[in-house]
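Scroll down for the structure; my scribbles are underneath it.
Per chain, numbering begins at 1; letters A, B, ... match sequence-line order. Predicted model only: the values in this text are computed from it and were never measured.
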2 protein chains.
Amino acid sequence: MDRQRTENNEDASTRERPTLKTLAFMTGLGVTTVSRALKDAPEIGAETRRRVQLVAKQIGYRPNRAGVRLRTGKTNVISLVLNTEQEIMSFVSDIIYGVSEVIADTPYHLIVTPYSRSQDPLDPIRYLVETGSADGVIISRTQPNDARARYMLERGIPFATHGRTEMGLVHPYHDFDNYAFAAEAVRRLADIGRSKLALLSPPVGLTYHSHTVNGFADALRDVGASEIPFSTVSIDHSIEQIRMRTAQLMRRDVRPDGFVSSAAAATLAIVAGIEDAGLKLGRDVDVVSKQSSDLLHLFRHELLVVNEDFRLAGSELARSVLGWIGGAAPGSLQSLSEPKGVVAYRR
Amino acid sequence: MDRQRTENNEDASTRERPTLKTLAFMTGLGVTTVSRALKDAPEIGAETRRRVQLVAKQIGYRPNRAGVRLRTGKTNVISLVLNTEQEIMSFVSDIIYGVSEVIADTPYHLIVTPYSRSQDPLDPIRYLVETGSADGVIISRTQPNDARARYMLERGIPFATHGRTEMGLVHPYHDFDNYAFAAEAVRRLADIGRSKLALLSPPVGLTYHSHTVNGFADALRDVGASEIPFSTVSIDHSIEQIRMRTAQLMRRDVRPDGFVSSAAAATLAIVAGIEDAGLKLGRDVDVVSKQSSDLLHLFRHELLVVNEDFRLAGSELARSVLGWIGGAAPGSLQSLSEPKGVVAYRR
DNA sequence: CTGGCAATCTGTAACGTTTCAGTATATTGC
DNA sequence: GCAATATACTGAAACGTTACAGATTGCCAG
């Protein structure tokens, strides 16, 4: 008994990682008091509180995550769920950095939960929820009727979607206004005299596919231009596929004189296809493309671009999830990012 | 007392997440026995073992990570430490997917630990080690004398570096043979008649900077070509800086007729700079560039490329860390990836 | 002076897991 | 036939935290 007490005291002076017990020993208080003092509980005297917090800071006390998690169920983890094959490349790095920025001075860690094409997208979500591995989840590739959002909503686990749903259910999201993007792109092409336009859209099934398609179609009608259908490929297709289809399309009698492209990598393929067909960008055809890093103008200075900021998306999504975890109303955690206009580069 | 027992029994039938206690109740065994049966301990009867494992599978038992972590200190977490500003974009997504692939059917989770330019690179490592947040760590931007590697080696925490160190200390790494890359690039340029070569190198200070520089210099000597110094910029500089410096360089009397570039994005800038100076790729100058995704040939078909597979790097690094955690000798967990040769594209 | 109450502080139990030190039963050696 | 031993199992304790249900003190109203 005495023996054990002595050992415990030694613990407190050892260079082991300090725990509440260490702090309790150093301050002469009980473990409970220390615990409460650190979280500013009201029933702790002001001086005691300050004293405990001072000592804690001095010796660099950090709560043990496993202890907290076991006792409370709180994981202090945000999970970012990503498709290993289809995510846009720069999306991954930018969104991670965006999220990181926001959680940097919180106790949260970011875990990346991947899933592959072959899997049900619900699998990783189920795993996270069933094992209680995260306090909040961020998903992308959002669908109008999204099983994952529905599932998490049912279980009451906070999440945010990159892209909106259309289920009549309210949840946090961040989205880029792809309707506005497509519409502005069309108007710009019309302004420079283009009237037969093709759209390389996001994959069918994702919500922003229809946003984009609608913005494109509505603006077409407004400006009185016509659409050259190009829906055999989407930005999810391989570079080679897009290039080949574009070349095919451009060799037809009735071919587009303008493209709207929803992703930068796909735009490289479109331009390659255009040139395969012996046509020239800026003369025979113009292309407006979304991009997330400022590289397309180096590729062909004739390209017209609209910037989408994925780092911002990551930050907003993280803020939303944290907000929901913190008790804010899900409906108040929605944001839409407007395109800043079509920009042209000149030599 | 009786009351409590009843509650516990109810626990077992409730749709709560099953624990060892649940399994113990269902099998009529003790918690200890169940725990051991699940990890194939030798002192458990063969039939009992099978029975327990069957029931566990049936009800979808998953060990509680917090419980394990608290008791054993094992986190089942691998941390990938990334610089938020300077990492190559595709590096981030590819390496994450590479790591994911390997840890997919292990109990490990991947956490991303970012740090910014302003921070000491050692900060995130210290945090991870001090808080015991991960069983293993992967770092990039490795330096010849790397404080992070030394630190982790001292504390005995398993890690792997992307890139080698030169401290005479042995640890797992994966590296691309940048010496071979630069040498092959030079030889190729010499083959097509180029003799005044410039190198856009990795940032000074990282180990692969000197690998690249040495490969470049040695091959230059071999082929009897000369170097046009271009060390005012590195691939860490902004696109604009590289473009401007390249243009300046190309307007000089004695200008390079060949470039070796260590990164794809930087190559875009080099080409832009070349064209800014009124020169033509493939006629006045050739460029050999590393790339990690197959996009450069779309940019300018005259470009010569060498592919570096970051997804492979991620897999190898993950394998190394897991190997070390699993008790393998650090020295046996090193790998070097050879460039597959310079490839040209034609229309 | 005493009962009540607010202000502070504390011990114990519990979260789910593994490990230590057993216990009970069957098996073996002689 | 009995001790020694192997086999199969078990309860209790511990990891670090928080919540619950007190305990102690001082102060004030009556």
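A side-chain donor from one of B/T75 and B/D135 sits under 3.5 Å from a side-chain acceptor of the other.
For the pair B/L38 CG and C/dT18 P, the computed distance is 8 Å after rounding to whole Å. Rounded to whole angstrom, the span from the CG atom of B/D40 across to the C1' atom of D/dC9 amounts to 17 Å. With rounding to whole Å, B/E16 atom CD is found 11 Å from C/dC15 atom P. Remark: P of D/dA14 and CG of A/N64 are 17 Å apart, rounded to the nearest angstrom. Rounded to an integer number of Å, the gap from CD of A/E47 to P of C/dA7 is 18 Å. Atom P of nucleotide C/dT18 and atom CG of B/N76 are separated by 10 Å, given to the nearest angstrom. With rounding to whole Å, B/R65 atom CZ is found 18 Å from D/dG16 atom C1'. Distance, A/R69 CZ to D/dT18 P: 15 Å, rounded to whole Å.
Checking C/dT8, D/dA14, D/dG16 against the side-chain heavy atoms of A/E43 singles out C/dT8 as nearest. When distances are taken from the side chain of A/L70 to each of D/dT17, D/dG16, D/dC9, the shortest belongs to D/dG16. Closest to the side chain of B/T32, out of D/dC9, C/dT17, D/dT10, is D/dT10. Between C/dC9, C/dC15, D/dT17, one nucleotide has an atom nearer to the side chain of B/K21 than all others, and that is C/dC15. Closest approach to the B/P63 side chain among C/dT17, D/dT10, D/dT18 is made by C/dT17 (side chain taken as heavy atoms from C-beta onward).
A 4.5 Å side-chain heavy-atom check between B/S320 and B/H174 finds every atom pair outside the cut-off. At a threshold of 4.5 Å between non-hydrogen side-chain atoms, the residues A/V137 and A/V81 count as touching.
Aromatic ring centres of B/H109 and A/Y127: separated by under 6.0 Å. Proximity of the aromatic rings of A/H162 and A/Y173 is defined here by a centroid distance below 6.0 angstrom, and this criterion is not met.
A/R148 places no side-chain N or O within 3.5 Å of a backbone atom of A/P121 that could act as its donor or acceptor partner.
Taking 4.0 angstrom as the limit, B/K39 places a side-chain polar atom (N or O) nearer than this to OP1 or OP2 of C/dT18. Contact annotation: B/T48 side-chain N/O to D/dC9 OP1/OP2 distance is under 4.0 Å.
As judged by a 4.0 angstrom heavy-atom cut-off over every strand, B/R36 is placed among the base-contacting residues. A/G67 comes within 4.0 angstrom of a nucleotide base, judged by non-hydrogen atoms across all strands. Counting non-hydrogen atoms under 4.0 angstrom, B/S35 reaches a base of the nucleic acid. A/T72 comes within 4.0 angstrom of sugar-phosphate atoms only, judged by non-hydrogen atoms across all strands, and of no base. If you check every strand for non-hydrogen atoms under 4.0 Å, B/L20 touches a base.
For D/dA8, its base never sits under 3.5 Å from the side chain of B/T33 at any donor and acceptor pair.
Residues B/R71 and B/I44 both approach DNA chain D. Their nearest nucleotides, taken by heavy-atom distance, put B/I44 toward the 5′ side.
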